[in-house]
Amino acid sequence: MKKEVVVLNCGSSSVKFAIIDANTGEAGLSGLVESLGNLDASITYKLNGNKTSFSLSANAGHTEALNAISTIIEDTGVKPVAVGHRVVHGGEKFKQAALVNDEVLAAVKDYASMAPLHNLANAKGVVTAQKAYPHLPHVCVFDTSFFQTMPQKAFIYALPMDLYRDHGIRRYGFHGTSHKFILDSTASLLNKPVEETSVISAHLGNGCSVAAIEKGQAVDTSMGFIPLEGLVMGTRCGDLDPSLPGTLQKKLGKTADEISDLLNKESGLLGISELSNDCRTLEEEAEKGHEGAKLAIEIFCYRLAKYIAGYLIAVPSLDAIVFTGGIGENSSLIRETTMGYFAHMGVTIDQQKNLDARFGKGGEITAPSSQKTVFVVPTNEEWVIAAEAATFA
Ligand code: AMP
């Protein structure tokens, strides 16, 4: 029997929504509301393969968006059993998904001090959706929860300890729902219990992170206090010398917020290539000889390979290295270049399998003789959110 869940991901000016069958992960409906608070607010959705778009009233906010979404859902005839909300930051309090009540909502708002753009919009989404679906259980599923198993040696920064004790300054990790999905899928592929499965999972999309998972438990990850540390991303810089934000502030005469924008929105693949944050565009232009595009791809893969190599010591029982996310699932070039750094360790990518695994197909991409196994697994974060929410239905 189908167990359908409304999955919502509320941003400050957008709402991603879907109806997911918690048993199969299938999306009967998926859509996006964009430009909330602007003149061109609009909604686009796909239902049974058919795409529909329409404008919302000028300056429409979250309430109008949720009303439009609940009307679309009502028209499908689906009777959802729960609403799952993606919430970015769950701090140390939320080690798993939580049924919304006043205390949970207050904590989500409280953690906005660490993820201001995300958590406030997430909380607004919860409150608005509760009005649209007052009789359903609303469940917060946190990006950070999966990483609450990390040991102190992985999450404490080498800063004065009172900053951790008094201000919660530590590494939290993000993309937890995707890495959890990769763990579960790899366990199924290998026919092993999840708690005996060990994976290095590389989620490479606009945001990028690697997770080290030893016997079903996250033991390290590349993102830290906010989703900025670690890998090179579309527009985010990843690891930097910690003196740089202060130096740049002085040199460029910018405010702390402007430097934060520079590191989050103008750096990464876009900053290096001076061309685009889109990996597809960079691959096309690199092929034609664009030096910036070539360098951006080279740095992206080298940084990623260094993280994977580092996590080989964190994951002694490694079963597989897994690529996922828009880049991880589709770019055979990024996978081949990254894993090329492991050739001297006996890792061999099968070029045909690597090409065949693109565009949602997935599968193993290493040769039978390879010393480590590498998979491509298409992620499904919404399914994880739906499955967690359904447990409260
Ligand atoms: P996501 O955030 O997971 O949707 O991933 C977005 C990223 O995936 C963008 O950088 C896209 O350029 C990249 N991407 C999607 N399809 C491809 C492809 N066929 N080849 C290379 N990169 C791709």
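For the numbers below, each heavy atom of this structure counts, side chains included, while hydrogens, waters and symmetry mates do not. Since this is a predicted model, take the numbers as computed values, not measurements. Read the numbers this way: they start at 1 and go in the same order the structure lists the ligands and their atoms.
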Quick check: does any side chain N or O of Arg86 sit under 3.5 Å from a backbone N or O of Ile385, one acting as donor and the other as acceptor? no
Please find the pair of heavy atoms, one from Gly230 and one from Arg303, that lie closest to each other, and give the distance. O-NH1, 2.8 Å
Are Thr128 and His62 linked by a side-chain donor-acceptor pair shorter than 3.5 Å? no
Give the single entry among Gly205, Ser178, Gly326, Gly328 that approaches atom 8 (O) of ligand 1 most closely by any heavy atom. Gly326
The protein heavy atom nearest to atom 20 (N) of ligand 1 is Arg280 CG, 3.7 Å
Decide, yes or no, whether a salt bridge links Glu381 with Lys16 under the criterion of side-chain N to carboxylate O below 4.0 Å. no
Determine, counting only non-hydrogen atoms of the protein, whether one lies under 4.0 angstrom from atom 4 (O) of ligand 1. no
Per-atom filter on ligand 1: closer than 4.0 angstrom to a heavy atom of Phe359 are 19 (N)
Among Ile334, Asn330, Asn277, Leu282, whose heavy atom sits nearest atom 19 (N) of ligand 1? Asn330
Tell me, which protein residue and heavy-atom name are nearest atom 10 (O) of ligand 1, and how many Å apart are they? Cys279 N, 3.2 Å
Examine distances only and state if a side-chain atom of Asn122 and a backbone atom of Val88 form a donor-acceptor pair shorter than 3.5 Å. yes
Which is it for Glu283 and ligand 1 at heavy atoms under 4.0 Å: side chain, backbone, both or neither? side chain
When you measure from the side chain of Gln148 to the backbone of Gly91, do you find a donor-acceptor pair of N or O atoms at a distance under 3.5 Å? yes
Counting both backbone and side chain atoms, is some N or O of Asp278 under 3.5 Å from an N or O of ligand 1? yes
Using modelled atom types only, decide if a donor and an acceptor are shared between the side chain of Arg171 and the backbone of Thr221 within a distance under 3.5 Å. yes
Under a 4.0 angstrom heavy-atom cut-off, which atoms of ligand 1 come close to Ser331? 21 (C)
Measure the distance from atom 7 (C) of ligand 1 to every protein heavy atom, then report the residue, atom name and distance (to 0.1 Å) of the closest one. Ile327 CG1, 3.8 Å
Any N or O of His203 that comes nearer than 3.5 Å to an N or O of ligand 1? no
Do the side chains of Glu283 and Arg280 get close enough for a salt bridge, i.e. N-O under 4.0 angstrom? no
In this structure, atom 2 (O) of ligand 1 is nearest to the protein heavy atom Asn206 N, 2.9 Å
